[in-house]
Each structure stands twice: as C-alpha cells, then as structure tokens.
Amino acid sequence: MGYAVVLGEALVDLLDSELDGERVYRQAIGGGPLNVAVGVARLGGAAQFVGSLGDDALGGRIRSFLTAADVGVAGAITVPAPTTLAVVTYAGPEPDFRFYGEPASYGLLGPDDLELALLEGADVLYCGSIVLLQPGTLAAARRAWSLATGLRVFDPNVRPRLLTGPGALEELREVVAEFAAGAHLVKLSAADAVLLYPGEPVEGVAVYLRELGAATVVVTLGAAGAVLAAADADPVRVPAPTVNAIDATGAGDSVMAALIADLLVDGEPEDPAGWVDRVAFALRVAGLVCESPGGATAMPTRAAVQNRFNT
C-alpha cells in the first residue's frame with residue numbers, strides 16, 4: 001500500500017460551546033483537508049499533508065498534531081503569518097464557519113514550495129477546499145494535479161462566506177470544472193451542489209461532473225446518505241445509517257478519507273457495485289464522526305466503525 005498526498009488548508013476552529021452554563025469557544029485543530037489526512041491515517045492509510053502553516057504557537061500545535069496522528073509533514077511549510085481561525089457556530093448539528101486572519105496562513109503555499117518527489121510518488125492526490133480561492137495556492141494545486149502519477153481526487157468543499165466580490169462564484173465554478181475534468185473521484189456535498197449549480201437536482205449535478213471527465217462522483221446528502229454516479233451507470237442513492245448526531249463538523253471530510261483509504265488498499269473498484277459498498281462504509285464512518293464533537297479529533301479507526309455498526 002502506498003500513500004496519499006492531501007493538499008489544502010490547516011487552521012484552528014473555535015467551536016461555539018457551553019461550559020458551566022456559559023458560552024465559550026473551544027479550540028480544535030481543523031480545516032477540511034487536514035481532517036481528510038487525519039481520517040486516512042486513522043483508517044490505516046498513509047497520508048502526507050501538503051500546505052502552509054502559520055509561524056505562531058497555533059501553527060506549531062497543528063504540526064505536532066499531524067505528527068502525533070501519523071500524518072507526514074514533509075510537504076508542510078511554515079509561513080510568516082498568524083494561523084487562520086474559523087469561528088464555528090451551529091444550527092442543530094450543522095456548522096457555520098466565519099474565518100479570521102489576514103493574510104490567510106493556509107493560502108501561502110506556492111508552486112515552487114512543492115516537494116516534487118513526494119507528489120510524483122503518491123498513489124492518491126487530493127486537492128480541493130478553500131485554498132482554491134487563493135491564487136498562489138491554486139497555482140500550486142494545478143501544478144500538483146499535473147504532476148500526479150496516481151489517482152486524483154477532488155472536493156470543492158465550498159464556504160459561501162469566502163465567495164466575495166463580483167464573479168467569485170463563477171470563477172469557482174470554472175475551477176471546479178477544471179479539476180473535475182481530470183479527477184478519478186469527485187466528492188461534494190449537497191450544499192456545494194446547490195450553490196454551484198442552483199436549480200439542478202443532485203443526480204443531475206453528479207452526471208454533469210461525470211460528463212466533464214470525472215470517473216466517479218459522490219454527492220453527500222447528510223442523514224439521507226449519498227448519491228453515487230459511477231462508471232456509466234445511472235446515479236443511485238446509498239442510505240446512511242441512523243445515528244445520534246450532535247456535530248456534523250468533518251463528516252463530509254471523513255467520507256472522503258474513507259474513500260481514499262480504500263483506494264490506497266484496492267485501487268478503483270471494477271464495477272459500480274464495488275463503489276456502492278465503499279460509499280456505504282464511508283457513510284458509516286461519517287455517522288460515527290457525527291456522534292462526537294469536533295472534526296479531526298472525531299475521525300475514527302476501522303475497529304471503532306466496525307464495533308459501532310456491528311460489521
């Protein structure tokens with residue numbers, strides 16, 4: 001089994017919480033791609049995180065956290081900027097993110113900062129999330145995408161509050177089309193699909209991305225499961241397990257982590273039925289994540305998933 005390179009952001013989440021009857025913000029290391037890298041490692045895969053970390057104490061904690069989680073940091077650079085903070089509030093279990101810190105510490109990785117041997121040796125390359133809104137890091141992601149010799153996976157992981165200025169959404173839509181065209185797997189949420197392609201049913205979005213060139217597309221639907229469009233088969237719905245959800249932070253990232261971990265073990269499934277089994281497992285992983293607070297810290301092991309769902 002080889003390793004996955006996960007290129008994207010790492011930051012610190014401040015989670016709106018209650019302690020002794022008072023509202024407090026609980027610190028948690030996060031960022032969608034960081035969650036993915038940690039999730040891959042927890043599920044038994046080898047992962048390398050590639051991105052930029054702030055030069056403050058929080059950046060040091062992120063690096064230490066990744067190392068403790070058995071995620072490689074050879075491709076993580078330290079930049080002269082404070083670590084970006086994401087203040088997270090909730091409507092039920094669903095998180096809402098507001099970002100603080102300029103310049104964004106996670107967006108300072110450039111094309112010349114890439115460890116080329118690390119990228120060229122990867123069995124899976126993940127790109128996506130909010131780093132694609134930063135010109136320098138977008139250029140780095142494009143270079144990494146062009147150098148990849150293994151499977152390429154993509155997740156737009158859209159954060160609407162960061163889409164400021166005229167034409168921002170259309171520009172992102174073009175970037176999504178660009179990466180989807182060369183992807184072996186695209187994972188996005190129903191919220192991503194609604195924002196990027198308003199008025200289109202999720203099945204239609206999945207088919208559209210596959211028509212652009214993506215080999216397989218998974219659209220997560222929260223408690224309703226996921227839509228899967230694999231090979232040339234019609235989209236199918238894969239149900240999610242029933243869980244006691246308290247915090248959905250990192251749930252979508254855990255789906256991607258589970259899919260990547262299985263790609264590292266067995267490569268792409270030979271038929272759509274194989275993808276159904278993998279998505280079903282990934283949804284069990286996400287269900288367990290939703291039963292714990294936080295993102296990266298909630299990523300489970302395979303044994304924990306098997307014990308929770310008796311599989």
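One is the number of the first residue; the rest follow in order along the sequence.
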Mind checking ring-ring contact (aromatic ring centres under 6.0 Å, His included) for Y208 and listing every partner two or more places apart, or none if nothing turns up?
-> Y197
Under the salt bridge (Lys or Arg N to Asp or Glu O under 4.0 Å) rule, collect the residues that match up with D56, sequence neighbours excluded.
-> none
Distance only, no hydrogens: is a donor on one side chain within 3.5 Å (strictly under) of an acceptor on the other, for T83 and S105?
-> no
Using a 3.5 Å cut-off and no angle test, enumerate the donor-acceptor pairs between side-chain atoms of residues 144-153 and protein atoms at least two apart in sequence or in another chain.
from, atom 1, to, atom 2, distance (Å)
S146, OG, R143, O, 2.7
T149, OG1, E120, O, 2.8
R152, NE, G182, O, 2.6
R152, NH2, G182, O, 2.8

Salt bridge (Lys or Arg N to Asp or Glu O under 4.0 Å) with R98: which residues, sequence neighbours excluded?
-> none
Would you please name every residue forming a salt bridge (Lys or Arg N to Asp or Glu O under 4.0 Å) with E200, sequence neighbours left out?
-> none
Counterpart residues, salt bridge (Lys or Arg N to Asp or Glu O under 4.0 Å), relative to D96 (two or more places apart) | R161
Scan residues 250-268 for pairs that pass side-chain hydrogen bond (donor to acceptor under 3.5 Å, both in side chains), counting only residues two or more places apart or in two chains.
-> N35-D253, D262-R302
Report all side-chain donor-acceptor pairs from residues 209-222 shorter than 3.5 Å, counting only partners two or more places apart or in another chain.
from, atom 1, to, atom 2, distance (Å)
R210, NE, A231, O, 3.3
R210, NH1, A231, O, 2.9
R210, NH1, A233, O, 2.7
R210, NH2, A233, O, 3.3
T216, OG1, W275, NE1, 3.3

Pairwise side-chain contact, R308 with P241, heavy-atom cut-off 4.5 Å (strictly under) = no
Would you mind writing out the side-chain donor-acceptor pairs for residues 4-11 within the sub-3.5 Å range, not counting sequence neighbours?
from, atom 1, to, atom 2, distance (Å)
E9, OE1, S129, OG, 3.3
E9, OE2, S129, OG, 2.5

Heavy-atom count around D232 CG within 6.0 Å, excluding the residue itself: above 12?
-> no
Contacts of Y106 that satisfy ring-ring contact (aromatic ring centres under 6.0 Å, His included) - sequence neighbours left out | none
Taking Y126 for its side chain and A37 for its backbone only, find out whether a donor-acceptor pair lies under 3.5 Å.
-> no
In the hydrophobic clustering that connects Ile, Leu, Val, Met, Phe, Trp and Tyr at side-chain heavy-atom distances below 4.5 Å, which members other than I246 occupy its cluster, ordered by chain and number?
-> none
Mind listing the side-chain donor-acceptor pairs of residues 67-82 below 3.5 Å, one per line with the distance, residues two or more places apart or on another chain?
from, atom 1, to, atom 2, distance (Å)
T67, OG1, R63, O, 3.0
T78, OG1, R63, NH2, 3.1

